[in-house]
Amino acid sequence: MPQSNSADAGHPVLPLALTMGEPAGIGGEIALLAWLRRHEEALPPFLLLDDPARLRALAVRHGWTIPLHIIEMPAEAVSIFGRALPVLPVPLPALPQPGIPDRRNAPAVLHAIELATALCRRGEAGAVVTNPIHKAALYDAGFPHPGHTEFLAALCETPRPVMMLASDRLRVVPVTIHVSLRLAIDQLTPDLIIETGRITATDLREKFGIARPRLAVAGLNPHAGESGSMGSEDAAIVAPAVAQLQAEGIDARGPLPPDTMFHAEARAGYDAAICMYHDQALIPIKTLDFDRAVNVTLGLPIIRTSPDHGTAFDIAGKGIARPDSLIAALRMAAAMAANRRHV
């Protein structure tokens, strides 16, 4: 998406709101590197919610020439982005040390997320792009949510967010997420699969611009149970959910044998794979496109994307972090925002 401040079918281009993430991690570095690659990557305008003093220190540390422009209103970012990095200041109480999270900075990390979400809900930003957070540091400061996604859902008053991992090669949606495999099987119900399929189909239409989304629903067991010889769950749980989705007019197929769903010919036949558990979804996309996979939260009234990696404390402050996944997250957020304007 080229940089522009022109109107699109009567809609002004809005900047993306990029949060600081964990200050002791690589979020600041990859944000600065993404801005340095803004022209070659044709990045959309974004503003960074962060501490300008920290960003200047990072740039000096690594010898990067990056002019910062402090803004008060998000709209300023669009015209400024080509020549300077727009920063909406979020001061940090403590000077971050690379690789060493400090609980004193937790309120600022959360404030950046809250502010970015508010900007998006007020129509002042086109999407929220979140840098990785360190949940343990937030828990130490009293953070009550399991993670980033649940916090955003609470801010948006959304009861059921859905996680998607997406790239140019594949989109996957796990029905159960960060639980053990045994607990995932216990949690799996037709209603949970149906709700996940509905939300996925809706957002593929409204945010990805796919008029009639095609869902491939993976089976739980090897060979999708092979007529019950390898488990009854596919017939008892997955098949009824697929039948209900089809009855609602959603193009869903399954349960399909998971081991034959992800080769190139199979991927050409669907727009998203609905998977029963975390690794069933994440192993194929991380194998196919590790550096360019993007975490997308479906089911929110706003657009939210994120790099598909963590804080990388082991390389923080060394200037060697790669911004590829963040760049992909920024590009995907802008494309989703553009699709949404045309719905």
Side-chain angles (χ1 to χ4, degrees), residues 1 3 13-23 25-38 41-52 54-56 58-59 64 66-82 84-92 96 105 108-134 148-149 151-152 155 292 294-297 300 302-312 321-338:
M1 178 180 174
Q3 300 167 30
V13 172
L14 298 174
L16 308 178
L18 174 60
T19 64
M20 70 168 72
E22 167 53 53
I26 62 170
E29 293 171 73
I30 59 175
L32 295 175
L33 288 169
W35 183 84
L36 284 173
R37 287 169 54 177
R38 66 200 181 283
E41 297 284 354
L43 286 183
F46 64 84
L47 62 91
L48 181 55
L49 294 97
D50 209 322
D51 189 322
R54 163 180 113 98
L55 297 173
R56 291 191 186 98
L58 279 172
W64 300 331
I66 302 178
L68 304 182
H69 189 101
I70 310 304
I71 62 173
E72 295 182 0
M73 302 295 293
E76 302 172 58
V78 177
S79 60
I80 290 164
F81 186 76
L85 174 58
V87 179
L88 195 60
V90 178
L92 289 167
N105 287 329
V109 172
L110 297 176
H111 179 61
I113 300 168
E114 292 166 344
L115 182 54
T117 302
L119 292 176
C120 204
R121 295 196 77 181
R122 294 199 300 260
E124 298 179 58
V128 174
V129 182
T130 57
N131 263 310
I133 58 173
H134 183 61
H148 224 152
T149 298
F151 184 39
L152 285 161
L155 292 174
R292 289 278 176 170
V294 175
N295 190 329
V296 183
T297 304
L300 298 177
I302 63 172
I303 292 166
R304 182 262 178 146
T305 67
S306 178
D308 182 29
H309 59 67
T311 54
R322 294 178 57 175
D324 303 66
S325 187
L326 176 58
I327 287 171
L330 291 162
R331 293 171 66 99
M332 187 172 291
M336 292 170 68

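At a threshold of 4.5 Å between non-hydrogen side-chain atoms, the residues Phe46 and Leu85 count as touching. Residues Pro89 and Ile70 form a side-chain contact, since some pair of their non-hydrogen atoms from C-beta on lies under 4.5 Å apart. In this structure, Ile113 and His148 have side chains that are in contact, with non-hydrogen atoms separated by less than 4.5 Å. Here the side chains of Phe151 and Thr117 are not in contact, with every heavy-atom distance at 4.5 Å or above. Annotation: side chain of Trp35 is in contact with side chain of Pro67 (closest heavy-atom distance under 4.5 Å). Taking the side chain as every heavy atom from C-beta outward, Pro23 and Val109 approach each other to under 4.5 Å.
A distance-only check finds a donor-acceptor pair linking the side chain of Glu76 to the backbone of Met73 [under 3.5 Å]. In terms of modelled atom types and a separation under 3.5 Å, the side chain of Thr19 and the main chain of Asn131 share a donor-acceptor contact. In this structure a side-chain-to-backbone donor-acceptor pair under 3.5 Å is present from Arg121 to Leu155.
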Q: Evaluate side-chain contact (heavy atoms from CB on, under 4.5 Å) for Val296 paired with Met336, printing each intermediate quantity in order.
A: CA-CA 10 Å; Val296 183; Met336 292 170 68; 3.7 Å; yes
Q. So Arg304 and Thr149, side-chain hydrogen bond (donor to acceptor under 3.5 Å, both in side chains) or not? Walk me through it.
A. CA-CA 9 Å; Arg304 182 262 178 146; Thr149 298; 3.2 Å; yes
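Heavy-atom minimum distance, Pro307 versus Pro132: CG-CD, 4.5 Å. For the residue pair Ala329 and Thr305, the shortest heavy atom distance occurs at O-OG1, 2.9 Å. Arg292 and Ala328 make their closest contact through O-CB, 3.6 Å (heavy atoms, listed as atom of the first residue, atom of the second, distance). In plain terms, the two heavy atoms of Arg37 and Pro323 that are nearest each other are NH1-CG, 3.4 Å. The two residues Pro15 and Pro74 make their nearest non-hydrogen contact at CG-O, 3.3 Å. Nearest heavy-atom pair across Ala31 and Leu18 is CB-CD2, 3.8 Å.
In terms of the ring pair (Phe, Tyr, Trp, His ring centres under 6.0 Å) criterion, residue partners of His134 (sequence neighbours excluded) are, by chain and number, Phe313.
For the atom pair CD1 of Ile30 and CG of Leu326, the computed distance is 4.5 Å after rounding to the nearest 0.5 Å. One finds the CG atom of Leu92 at 4.5 Å from the CG atom of Asn105 (value rounded to the nearest 0.5 Å). Rounding to the nearest 0.5 Å places CD1 of Ile26 at 7.5 Å from OG1 of Thr311. One finds the CG atom of Leu43 at 5.5 Å from the CD1 atom of Ile327 (value rounded to the nearest 0.5 Å). Note: Met332 CE to Leu16 CG = 13.0 Å, rounded to the nearest 0.5 Å. The CG atom of Leu48 sits 7.5 Å away from atom CG of Leu32, with the distance rounded to the nearest 0.5 Å.
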